[in-house]
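Worksheet: one structure, shown below.
Since this is a predicted model, take the numbers as computed values, not measurements.
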Amino acid sequence: MKSRLTVILYCCILSGVVFLVFYLSCVPELMTTSRDSHIGGREAILGIPYDAKDVPAGNYSGIVRLGGNRYALVSDKAEQGGYFIFNIDIDDKGNVTSVMNRGFRQLEPKNIDEEAIAYDKENHNIYIGKEKTSEIVRYNILDGRKNCSTVVDDYRDYGYSNRTIESLTYDKRRLSVFTINEGPLRGDNGLMLRLMEYTPNLNLKRQYTYILDMPLDDSPTNEDGHAFGVAELLSLGDGTLLVLEREFKVEGLKIGSWVMNKIFRITPGKPEKTFVTGWRTVLGASDSGLANYEGMCLGPTLPDGRQVIILCADSQNRHMGVLRDWFRTVIL
C-alpha cells in the first residue's frame with residue numbers, strides 16, 4: 001500500500017512538472033507599453049530580440065555608442081579591464097539585423113567587475129563603472145590612459161555585495177555623469193535608491209532619491225536567486241533619463257525563471273517617473289528566451305524621426321548553453 005501511494009505521489013508530481021514545462025514553453029513575452037506625452041505623444045515600440053550568435057559568449061553589462069554603427073561594451077567577467085568594440089546594424093524599422101565583434105581594447109591588466117560604460121564624445125572621455133570597488137574611472141579614448149577616478153563612498157560603505165554600481169550615463173546637456181545603486185543600501189528604505197550626479201571631472205554635484213516599483217516576487221532581494229533594482233540609466237540628451245528597472249527571479253528547477261523589465265523616464269530632482277514600456281522573458285522547456293538586460297544606450301535615429309534605444313543582455317557566458325547574448329531595441 002505504501003509503495004502504491006509513493007507511485008501515485010510521484011506520478012502527480014511528474015504530471016505537475018510536465019504541465020508547468022508545457023505551460024511555460026508556451027508563454028510568450030509579456031509586452032506592455034504606455035503613451036508618454038513627453039515623447040512626442042507616441043507609444044514606445046519594442047523591437048524584435050536578436051540572438052547575437054557571432055560574438056564571443058559574454059557577460060555584457062554595459063553598452064554605449066561610439067559613432068555610426070560602432071559600440072563599446074563592457075563585460076563584468078572579461079580577463080582584462082577595457083571594452084569590446086561591436087558593429088551593430090539597425091534596419092529602418094528599428095530592429096537589430098547584425099552584431100559583429102571587432103576586437104577588445106585593453107585599458108587595465110585586470111577586470112574589476114566592470115558593469116557600466118558612458119562616453120563624452122566631445123572631450124574624448126570614456127567612463128567605466130566598477131562594481132567591486134564602487135569606483136568610476138575616466139579614460140581618454142584616444143590614448144587609453146586613465147585620467148580621473150572617484151569612489152562612490154555611500155555605495156562602498158553601505159552597499160550589499162554585487163548590488164552597487166550597475167549603471168552609468170553621460171548627460172551632455174547637463175554636463176553630468178549619473179549612476180545609481182542597483183539595490184537599496186543598508187539602512188535605507190527597501191525601495192529607495194540614491195541617484196548620484198557628478199561633474200565630468202567626477203566631483204559629486206548632487207544626490208537624488210529614486211523610488212523603485214514594488215517587486216513582483218516577495219523573496220528577499222539580496223539573495224542570489226532574486227535580483228531586484230535598477231540595471232541601467234540612459235540620458236536622452238534633453239535633461240531627462242531613462243531608468244531600466246529589472247527583477248530577475250531564479251526558480252528552484254530553473255524552468256520557470258523569469259526577468260521583468262520596466263523602463264521609466266525621469267527628470268533628476270523631480271519625484272515623478274513616467275512609465276515608457278516593459279516586457280518579461282521566461283525560461284521555458286523549449287525556450288531559451290530568458291534575457292537579463294543590463295546595458296542600454298542611444299542608437300540611431302530612424303528616417304521617421306524616432307529614436308532607437310539598444311539593449312544588451314548578460315548571458316553569463318551563455319550559461320549551460322541555455323542563455324544567449326540577446327540584443328533588442330526600444331523605439332521611442
Side-chain angles (χ1 to χ4, degrees), residues 52 54-89 99-152 155-156 164-172 174-180 196-205 231-235 237 294-300 310-312 314-315 317 325 327:
D54 297 326
V55 302
N59 298 264
Y60 303 117
S61 304
I63 182 173
V64 71
R65 190 183 189 191
L66 299 177
N69 71 342
R70 296 175 66 251
Y71 296 81
L73 291 89
V74 289
S75 169
D76 60 9
K77 294 182 179 64
E79 293 183 4
Q80 301 164 326
Y83 54 89
F84 291 89
I85 298 176
F86 283 4
N87 288 145
I88 302 176
D89 293 320
V99 181
M100 299 296 295
N101 173 44
R102 298 304 182 193
F104 181 81
R105 185 176 190 191
Q106 180 184 346
L107 297 174
E108 302 278 3
K110 294 183 179 180
N111 184 306
I112 309 178
D113 196 6
E114 298 182 351
E115 294 279 4
I117 188 168
Y119 183 38
D120 171 8
K121 185 174 183 179
E122 285 72 20
N123 295 295
H124 313 295
N125 286 320
I126 201 154
Y127 299 83
I128 294 180
K130 306 187 180 191
E131 186 166 45
K132 188 174 182 179
T133 55
S134 298
E135 185 180 19
I136 303 170
V137 179
R138 190 183 74 183
Y139 303 88
N140 184 292
I141 199 171
L142 301 179
D143 59 22
R145 293 183 181 181
K146 176 179 175 178
N147 57 29
C148 193
S149 68
T150 191
V151 173
V152 186
Y155 298 177
R156 178 196 60 194
T164 58
I165 292 182
E166 192 80 21
S167 60
L168 206 60
T169 190
Y170 177 74
D171 188 324
K172 63 181 181 181
R174 292 173 178 261
L175 298 179
S176 295
V177 177
F178 286 93
T179 189
I180 192 170
M196 303 293 193
E197 181 180 5
Y198 290 87
T199 68
N201 291 327
L202 297 178
N203 296 311
L204 183 63
K205 292 170 68 174
E232 187 62 291
L233 297 172
L234 174 60
S235 167
E294 292 193 350
M296 180 169 64
C297 75
L298 292 175
I310 300 176
L311 298 103
C312 63
D314 182 347
S315 72
N317 275 327
D325 290 302
F327 287 73

| field | More than 12 heavy atoms from other groups under 6.0 Å of CZ on Arg70 | value | no

| said: If you apply the rule side-chain contact (heavy atoms from CB on, under 4.5 Å), what do you find for Leu66 with Ile141, and how did you get there? | reply: CA-CA 10 Å; Leu66 299 177; Ile141 199 171; 3.9 Å; yes

| Regarding Asn140 and Arg145, is there a side-chain donor-to-acceptor distance under 3.5 Å anywhere? | no

| task | Using a 4.5 Å cut-off on heavy atoms from C-beta on, say whether the side chain of Phe86 contacts that of Ile63. | result | no

| task | May I ask you to test the Cys312-Leu73 pair for a side-chain heavy-atom distance under 4.5 Å? | result | yes

| field | Where Val55 and Asn101 come nearest, the two heavy atoms and their spacing | value | CG1-N, 3.9 Å

| Partners passing ring-ring contact (aromatic ring centres under 6.0 Å, His included) against Tyr198 (at least two apart in sequence or in another chain) | none

| request: Check Tyr127 against Pro200 and note the closest heavy-atom contact, atom names and distance. | output: OH-O, 2.7 Å

| Considering residues at least two apart in sequence or located in another chain, which fulfil the side chain to side chain donor-acceptor pair (under 3.5 Å) criterion with Glu108? | Tyr139

| field | Gln80 CD: over 12 foreign heavy atoms closer than 6.0 Å | value | yes

| field | Closest non-hydrogen atom pair between Ser176 and Lys205, with its separation | value | OG-NZ, 2.7 Å

| said: On a heavy-atom basis, which atom in Val151 and which in Thr133 lie closest, and how many Å separate them? | reply: CG1-O, 3.9 Å

| message | Quick check: do Leu204 and Met196 have side-chain heavy atoms less than 4.5 Å from each other? | response | yes

| task | Count the heavy atoms belonging to other residues, nucleotides or ligands that lie under 6.0 Å from NZ of Lys121, then report whether that count exceeds 12. | result | no

| message | Please determine whether side-chain contact (heavy atoms from CB on, under 4.5 Å) holds for the pair Ile126 and Ile117, giving the CA-CA distance in whole Å, both sets of side-chain angles, and the decisive distance to 0.1 Å. | response | CA-CA 7 Å; Ile126 201 154; Ile117 188 168; 3.7 Å; yes

| task | Mind checking side chain to side chain contact (heavy atoms under 4.5 Å, CB included) for Lys172 and listing every partner two or more places apart, or none if nothing turns up? | result | Tyr170

| request: Let me know which of Val99, Asp89, Ile88 forms a side-chain contact (heavy atoms from CB on, under 4.5 Å) with Asn69. | output: Asp89

| remark: Glu115 and Asp76 have their tightest heavy-atom pair at OE2-OD2, 3.0 Å

| request: Kindly compute the distance separating CD (Glu166) from OG1 (Thr179), expressed to the nearest 0.5 Å. | output: 9.5 Å

